[in-house]
Number of protein chains: 2
Amino acid sequence: MAKMGTAGSRKARHQDPEHCPVEAALNKIGGKWKGLIILRLLVRTRRFNELLRSLPGCTQRMLTNQLRELEADGIVHREVYPEVPPRVEYSLTETGRELMPVIRAMCEWGQKHVQHVEPDFETVLENAA
Amino acid sequence: MAKMGTAGSRKARHQDPEHCPVEAALNKIGGKWKGLIILRLLVRTRRFNELLRSLPGCTQRMLTNQLRELEADGIVHREVYPEVPPRVEYSLTETGRELMPVIRAMCEWGQKHVQHVEPDFETVLENAA
DNA sequence: CCGAATCCGGGACGATACTG
DNA sequence: CAGTATCGTCCCGGATTCGG
(Lines give C-alpha, C1' and ligand atoms only; values in the text may rest on other atoms or scores of the structure.)
Protein backbone atom coordinates (compact mmCIF):
# COMPACT_ATOMS: atom_id res chain seq x y z
CA MET A 1 0.00 0.00 0.00
CA ALA A 2 1.21 3.40 -0.67
CA LYS A 3 -0.17 6.01 1.58
CA MET A 4 -3.78 6.16 2.20
CA GLY A 5 -5.09 9.52 1.57
CA THR A 6 -6.77 10.92 4.58
CA ALA A 7 -9.66 8.71 5.27
CA GLY A 8 -10.57 11.75 7.19
CA SER A 9 -14.01 12.62 8.21
CA ARG A 10 -14.73 15.09 5.54
CA LYS A 11 -18.16 15.61 4.43
CA ALA A 12 -17.81 12.24 2.84
CA ARG A 13 -20.51 11.76 0.36
CA HIS A 14 -22.99 13.89 2.21
CA GLN A 15 -25.23 13.83 -0.79
CA ASP A 16 -26.79 10.67 0.49
CA PRO A 17 -28.53 11.31 3.79
CA GLU A 18 -26.32 8.87 5.59
CA HIS A 19 -28.93 6.46 6.73
CA CYS A 20 -26.46 4.06 8.20
CA PRO A 21 -25.13 4.74 11.69
CA VAL A 22 -21.97 2.80 10.96
CA GLU A 23 -21.29 5.03 8.01
CA ALA A 24 -22.14 8.09 10.07
CA ALA A 25 -19.70 7.05 12.77
CA LEU A 26 -16.99 6.29 10.26
CA ASN A 27 -17.42 9.71 8.73
CA LYS A 28 -16.66 11.27 12.08
CA ILE A 29 -13.93 9.10 13.49
CA GLY A 30 -12.47 7.57 10.34
CA GLY A 31 -9.77 10.16 9.90
CA LYS A 32 -6.19 9.11 9.61
CA TRP A 33 -5.22 10.07 13.15
CA LYS A 34 -8.54 10.40 14.89
CA GLY A 35 -8.60 7.02 16.54
CA LEU A 36 -5.22 7.57 18.12
CA ILE A 37 -6.06 11.12 19.13
CA ILE A 38 -9.21 9.90 20.85
CA LEU A 39 -7.24 7.17 22.58
CA ARG A 40 -4.77 9.73 23.95
CA LEU A 41 -7.56 11.98 25.14
CA LEU A 42 -9.41 9.12 26.77
CA VAL A 43 -6.52 8.94 29.19
CA ARG A 44 -6.47 12.61 30.04
CA THR A 45 -6.63 16.17 28.80
CA ARG A 46 -3.57 17.15 26.80
CA ARG A 47 -1.87 20.19 25.35
CA PHE A 48 -1.20 20.56 21.67
CA ASN A 49 2.50 19.81 21.57
CA GLU A 50 2.11 17.03 24.06
CA LEU A 51 -0.42 15.41 21.76
CA LEU A 52 1.84 15.98 18.80
CA ARG A 53 4.80 14.30 20.48
CA SER A 54 2.68 11.29 21.30
CA LEU A 55 1.84 10.75 17.64
CA PRO A 56 5.09 9.89 15.83
CA GLY A 57 4.71 10.63 12.15
CA CYS A 58 1.90 13.10 12.58
CA THR A 59 2.71 16.63 11.52
CA GLN A 60 1.57 19.77 13.21
CA ARG A 61 -0.66 20.61 10.29
CA MET A 62 -2.32 17.22 10.24
CA LEU A 63 -2.93 17.33 13.97
CA THR A 64 -4.48 20.76 13.69
CA ASN A 65 -6.78 19.65 10.91
CA GLN A 66 -7.89 16.51 12.65
CA LEU A 67 -8.51 18.34 15.91
CA ARG A 68 -10.57 20.97 14.11
CA GLU A 69 -12.73 18.32 12.51
CA LEU A 70 -13.17 16.49 15.78
CA GLU A 71 -14.10 19.76 17.43
CA ALA A 72 -16.61 20.58 14.69
CA ASP A 73 -18.14 17.15 15.15
CA GLY A 74 -18.57 17.72 18.87
CA ILE A 75 -16.13 15.03 19.91
CA VAL A 76 -13.28 17.16 21.20
CA HIS A 77 -13.35 20.26 23.35
CA ARG A 78 -10.75 22.96 22.85
CA GLU A 79 -9.93 25.22 25.77
CA VAL A 80 -7.74 28.25 25.22
CA TYR A 81 -6.07 29.86 28.19
CA PRO A 82 -5.26 33.54 27.60
CA GLU A 83 -1.81 33.38 29.05
CA VAL A 84 1.71 34.11 28.01
CA PRO A 85 2.98 31.82 26.73
CA PRO A 86 -0.31 30.59 25.28
CA ARG A 87 -1.76 27.33 26.41
CA VAL A 88 -4.42 25.24 24.71
CA GLU A 89 -5.84 22.09 26.17
CA TYR A 90 -7.81 19.43 24.36
CA SER A 91 -10.24 17.07 26.00
CA LEU A 92 -13.10 14.80 24.99
CA THR A 93 -16.69 15.91 25.22
CA GLU A 94 -19.24 13.51 26.67
CA THR A 95 -19.98 12.43 23.12
CA GLY A 96 -16.30 11.79 22.60
CA ARG A 97 -15.94 9.85 25.82
CA GLU A 98 -18.72 7.58 24.69
CA LEU A 99 -16.45 6.38 21.92
CA MET A 100 -14.54 4.39 24.48
CA PRO A 101 -16.36 1.13 23.67
CA VAL A 102 -15.34 1.54 20.05
CA ILE A 103 -11.70 2.09 20.92
CA ARG A 104 -11.81 -0.70 23.45
CA ALA A 105 -13.27 -3.12 20.91
CA MET A 106 -10.55 -2.20 18.42
CA CYS A 107 -7.95 -2.67 21.09
CA GLU A 108 -9.21 -6.10 22.04
CA TRP A 109 -9.34 -7.18 18.42
CA GLY A 110 -5.83 -5.87 17.77
CA GLN A 111 -4.53 -7.57 20.88
CA LYS A 112 -5.97 -10.88 19.77
CA HIS A 113 -5.13 -10.81 16.09
CA VAL A 114 -1.96 -8.79 15.74
CA GLN A 115 1.49 -9.73 16.90
CA HIS A 116 3.70 -7.91 19.36
CA VAL A 117 1.09 -5.90 21.05
CA GLU A 118 0.32 -4.69 24.51
CA PRO A 119 -1.55 -7.11 26.79
CA ASP A 120 -4.80 -5.25 27.31
CA PHE A 121 -6.76 -2.04 27.11
CA GLU A 122 -5.96 -0.91 30.63
CA THR A 123 -2.25 -1.34 30.03
CA VAL A 124 -2.53 0.62 26.84
CA LEU A 125 -4.25 3.41 28.71
CA GLU A 126 -1.61 3.34 31.42
CA ASN A 127 1.22 3.42 28.96
CA ALA A 128 -0.39 6.34 27.24
CA ALA A 129 -0.51 8.27 30.45
CA MET B 1 -17.03 16.55 2.00
CA ALA B 2 -14.18 16.45 -0.31
CA LYS B 3 -12.73 13.07 -0.50
CA MET B 4 -10.68 12.00 2.40
CA GLY B 5 -7.75 10.23 1.10
CA THR B 6 -7.83 6.64 1.91
CA ALA B 7 -7.14 6.37 5.50
CA GLY B 8 -6.58 2.93 4.27
CA SER B 9 -4.60 0.34 5.93
CA ARG B 10 -1.36 0.90 4.20
CA LYS B 11 1.81 0.04 5.85
CA ALA B 12 1.18 3.16 7.71
CA ARG B 13 4.26 4.08 9.55
CA HIS B 14 5.52 0.56 9.71
CA GLN B 15 8.87 1.79 10.83
CA ASP B 16 7.71 1.80 14.40
CA PRO B 17 6.94 -1.74 15.52
CA GLU B 18 3.33 -0.90 16.23
CA HIS B 19 3.22 -1.55 19.90
CA CYS B 20 -0.31 -0.32 20.29
CA PRO B 21 -3.17 -2.68 19.48
CA VAL B 22 -5.48 0.20 18.70
CA GLU B 23 -3.02 1.47 16.15
CA ALA B 24 -2.57 -2.02 14.78
CA ALA B 25 -6.31 -2.44 14.37
CA LEU B 26 -6.67 0.96 12.73
CA ASN B 27 -3.95 0.07 10.27
CA LYS B 28 -5.99 -2.91 9.16
CA ILE B 29 -9.53 -1.64 9.17
CA GLY B 30 -9.00 2.10 8.82
CA GLY B 31 -9.30 2.16 5.05
CA LYS B 32 -11.78 4.41 3.36
CA TRP B 33 -14.33 1.70 2.63
CA LYS B 34 -13.26 -1.12 4.87
CA GLY B 35 -15.73 -0.53 7.65
CA LEU B 36 -18.66 -0.59 5.27
CA ILE B 37 -17.32 -3.59 3.38
CA ILE B 38 -16.99 -5.51 6.62
CA LEU B 39 -20.52 -4.52 7.61
CA ARG B 40 -21.87 -5.84 4.32
CA LEU B 41 -19.98 -9.09 4.69
CA LEU B 42 -21.10 -9.52 8.27
CA VAL B 43 -24.59 -10.01 6.90
CA ARG B 44 -23.64 -12.57 4.31
CA THR B 45 -21.24 -13.62 1.60
CA ARG B 46 -21.42 -11.41 -1.48
CA ARG B 47 -20.24 -11.27 -5.03
CA PHE B 48 -18.07 -8.49 -6.36
CA ASN B 49 -20.66 -6.49 -8.26
CA GLU B 50 -23.20 -6.98 -5.55
CA LEU B 51 -20.78 -5.48 -3.08
CA LEU B 52 -20.00 -2.68 -5.47
CA ARG B 53 -23.65 -1.75 -5.93
CA SER B 54 -24.13 -1.62 -2.18
CA LEU B 55 -21.41 1.00 -1.83
CA PRO B 56 -22.56 4.14 -3.63
CA GLY B 57 -19.59 6.30 -4.48
CA CYS B 58 -17.11 3.47 -4.40
CA THR B 59 -15.44 2.69 -7.69
CA GLN B 60 -14.58 -0.78 -8.86
CA ARG B 61 -10.90 0.05 -8.60
CA MET B 62 -11.23 1.21 -5.02
CA LEU B 63 -13.26 -1.83 -4.08
CA THR B 64 -10.68 -4.12 -5.62
CA ASN B 65 -7.87 -2.43 -3.73
CA GLN B 66 -9.64 -2.49 -0.40
CA LEU B 67 -10.66 -6.13 -0.83
CA ARG B 68 -7.09 -7.07 -1.68
CA GLU B 69 -5.78 -5.37 1.44
CA LEU B 70 -8.44 -6.98 3.60
CA GLU B 71 -7.57 -10.33 2.08
CA ALA B 72 -3.87 -9.81 2.68
CA ASP B 73 -4.62 -8.93 6.30
CA GLY B 74 -6.57 -12.14 6.77
CA ILE B 75 -9.91 -10.46 7.29
CA VAL B 76 -11.64 -11.36 4.05
CA HIS B 77 -11.72 -14.65 2.18
CA ARG B 78 -11.88 -14.66 -1.60
CA GLU B 79 -13.40 -17.69 -3.30
CA VAL B 80 -13.13 -17.99 -7.08
CA TYR B 81 -15.48 -20.35 -8.89
CA PRO B 82 -14.09 -21.55 -12.20
CA GLU B 83 -17.26 -21.03 -14.16
CA VAL B 84 -18.48 -19.13 -17.14
CA PRO B 85 -19.38 -16.43 -16.50
CA PRO B 86 -16.87 -16.09 -13.67
CA ARG B 87 -18.08 -15.86 -10.13
CA VAL B 88 -16.13 -14.61 -7.13
CA GLU B 89 -17.51 -14.58 -3.65
CA TYR B 90 -16.21 -12.63 -0.71
CA SER B 91 -16.76 -13.56 2.90
CA LEU B 92 -15.26 -12.79 6.28
CA THR B 93 -12.69 -15.05 7.86
CA GLU B 94 -13.07 -15.90 11.52
CA THR B 95 -10.70 -13.03 12.26
CA GLY B 96 -12.93 -10.77 10.22
CA ARG B 97 -16.09 -11.94 11.90
CA GLU B 98 -14.57 -11.06 15.23
CA LEU B 99 -14.66 -7.46 14.17
CA MET B 100 -18.38 -7.48 14.77
CA PRO B 101 -18.06 -5.91 18.23
CA VAL B 102 -16.13 -3.03 16.70
CA ILE B 103 -18.75 -2.43 14.02
CA ARG B 104 -21.52 -2.85 16.54
CA ALA B 105 -19.94 -0.31 18.88
CA MET B 106 -19.61 2.16 16.03
CA CYS B 107 -23.20 1.54 15.07
CA GLU B 108 -24.46 2.15 18.59
CA TRP B 109 -22.46 5.33 18.90
CA GLY B 110 -23.69 6.57 15.53
CA GLN B 111 -27.25 5.73 16.40
CA LYS B 112 -27.01 7.71 19.62
CA HIS B 113 -25.09 10.73 18.43
CA VAL B 114 -26.00 11.24 14.80
CA GLN B 115 -29.34 12.31 13.39
CA HIS B 116 -31.58 10.44 11.00
CA VAL B 117 -30.19 7.04 11.52
CA GLU B 118 -31.47 3.52 11.70
CA PRO B 119 -32.81 2.34 15.06
CA ASP B 120 -30.34 -0.38 15.92
CA PHE B 121 -27.63 -2.74 14.82
CA GLU B 122 -29.95 -5.62 14.00
CA THR B 123 -32.07 -3.39 11.79
CA VAL B 124 -28.97 -2.19 10.02
CA LEU B 125 -27.95 -5.75 9.41
CA GLU B 126 -31.41 -6.63 8.14
CA ASN B 127 -31.53 -3.66 5.83
CA ALA B 128 -28.15 -4.61 4.47
CA ALA B 129 -29.40 -8.06 3.64
C1' DC C 1 3.70 27.83 22.87
C1' DC C 2 0.17 27.24 19.57
C1' DG C 3 -0.98 27.66 15.80
C1' DA C 4 -2.23 29.92 10.49
C1' DA C 5 -0.73 30.59 5.80
C1' DT C 6 1.71 29.43 1.68
C1' DC C 7 4.05 26.67 -1.60
C1' DC C 8 4.60 22.52 -4.02
C1' DG C 9 5.37 17.54 -5.24
C1' DG C 10 3.55 12.90 -5.27
C1' DG C 11 0.24 9.73 -5.02
C1' DA C 12 -4.67 8.56 -4.39
C1' DC C 13 -8.57 8.30 -6.96
C1' DG C 14 -11.99 8.74 -10.95
C1' DA C 15 -12.92 7.67 -15.76
C1' DT C 16 -12.42 4.95 -19.50
C1' DA C 17 -11.19 1.09 -22.26
C1' DC C 18 -9.90 -3.62 -22.57
C1' DT C 19 -9.57 -8.76 -21.30
C1' DG C 20 -10.53 -13.77 -19.87
C1' DC D 1 -18.86 -11.07 -14.29
C1' DA D 2 -14.81 -9.64 -12.37
C1' DG D 3 -11.39 -7.59 -12.80
C1' DT D 4 -6.61 -5.08 -15.02
C1' DA D 5 -4.34 -1.15 -17.56
C1' DT D 6 -3.54 3.40 -18.53
C1' DC D 7 -4.04 8.22 -18.03
C1' DG D 8 -4.86 12.61 -15.99
C1' DT D 9 -6.41 15.41 -12.19
C1' DC D 10 -6.94 16.81 -7.67
C1' DC D 11 -5.81 17.43 -3.30
C1' DC D 12 -3.45 15.44 0.61
C1' DG D 13 0.11 16.36 3.28
C1' DG D 14 5.36 17.75 4.25
C1' DA D 15 8.28 21.75 4.80
C1' DT D 16 8.77 26.24 5.82
C1' DT D 17 7.61 30.75 7.29
C1' DC D 18 5.01 34.04 9.87
C1' DG D 19 1.86 35.83 13.75
C1' DG D 20 -0.20 36.47 18.53
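Convention: sequence-line order gives letters A, B, ...; per-chain numbering from 1.
One atom, CZ of A/Arg53, and another, P of C/dG3, lie 13 Å apart when rounded to the nearest Å. The separation between B/Leu67 atom CG and D/dG3 atom P is 8 Å, rounded to whole Å. Atom CG in A/Leu55 sits roughly 12 Å away from atom P in D/dG14 (whole-Å rounding). The distance from atom CD of A/Glu83 to atom C1' of D/dG20 is 14 Å, rounded to the nearest whole Å. Put simply, CH2 on A/Trp33 is 16 Å from P on D/dC12, counting in whole angstrom units. Between the CG atom of B/Asn65 and the P atom of D/dT4 there is a distance of 9 Å, rounded to whole Å. Atoms CG (A/Leu63) and C1' (C/dG3) sit 10 Å apart, rounded to a whole Å. The NZ-C1' distance, from A/Lys32 to C/dG11, rounds to 11 Å in whole Å.
Across C/dG3, D/dC1, D/dG3, the shortest atom-to-atom separation from the side chain of B/Arg47 is found for D/dC1. Of the listed nucleotides (D/dG14, C/dA4, D/dG3), D/dG14 has the atom at the smallest distance from the side chain of A/Met62.
Residue B/Tyr90 places no side-chain N or O under 4.0 Å from the OP1 or OP2 atom of D/dC1. The phosphate of C/dC1 (OP1 or OP2) has no side-chain N or O of A/Arg46 nearer than 4.0 angstrom. Applying the 4.0 Å criterion to OP1 and OP2 of D/dG14, one finds that A/Thr59 has a side-chain N or O inside that range.
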Review item, side-chain donor-acceptor pairs of residues 101-111 of chain B, under 3.5 Å, at least two apart:
residue, atom, partner, partner atom, Å
B/Trp109, NE1, A/Thr95, O, 3.0
B/Gln111, NE2, B/Pro119, O, 3.3

For residues 122-129 of chain B, which side-chain donor-acceptor pairs fall under 3.5 Å, sequence neighbours excluded?
residue, atom, partner, partner atom, Å
B/Thr123, OG1, B/Asp120, OD1, 2.7
B/Asn127, ND2, B/Glu118, OE1, 3.3

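Screening B/Arg47, B/Arg44, B/Arg46 for a side-chain contact (heavy atoms from CB on, under 4.5 Å) with B/Glu89, the sole residue that qualifies is B/Arg47.
Under 4.0 Å is where a charged nitrogen must lie from a carboxylate oxygen, and between B/Arg40 and B/Glu50 no such pair does.
Applying the side chain to side chain contact (heavy atoms under 4.5 Å, CB included) rule to A/Gln60 yields the partners A/Phe48, A/Leu52; only residues at least two apart in sequence or on another chain are considered. Residues meeting the salt bridge (Lys or Arg N to Asp or Glu O under 4.0 Å) test with A/Glu79, sequence neighbours left out: none. Not counting sequence neighbours, the partners of A/Arg78 by the side chain to side chain contact (heavy atoms under 4.5 Å, CB included) test are A/Arg68, A/Glu71, A/Val80, A/Val88, A/Tyr90.
Across all strands shown, B/Arg61 has heavy atoms under 4.0 Å from base atoms, whether or not it also approaches the sugar-phosphate. Among the protein residues, B/Tyr81 comes within range of no part of the nucleic acid, since none of its heavy atoms lies under 4.0 Å from any strand.
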Polar atom pairs (N or O), protein with nucleotides 17-20 of chain C, under 3.5 Å:
residue, atom, partner, partner atom, Å
C/dA17, N6, B/Gln60, OE1, 3.4

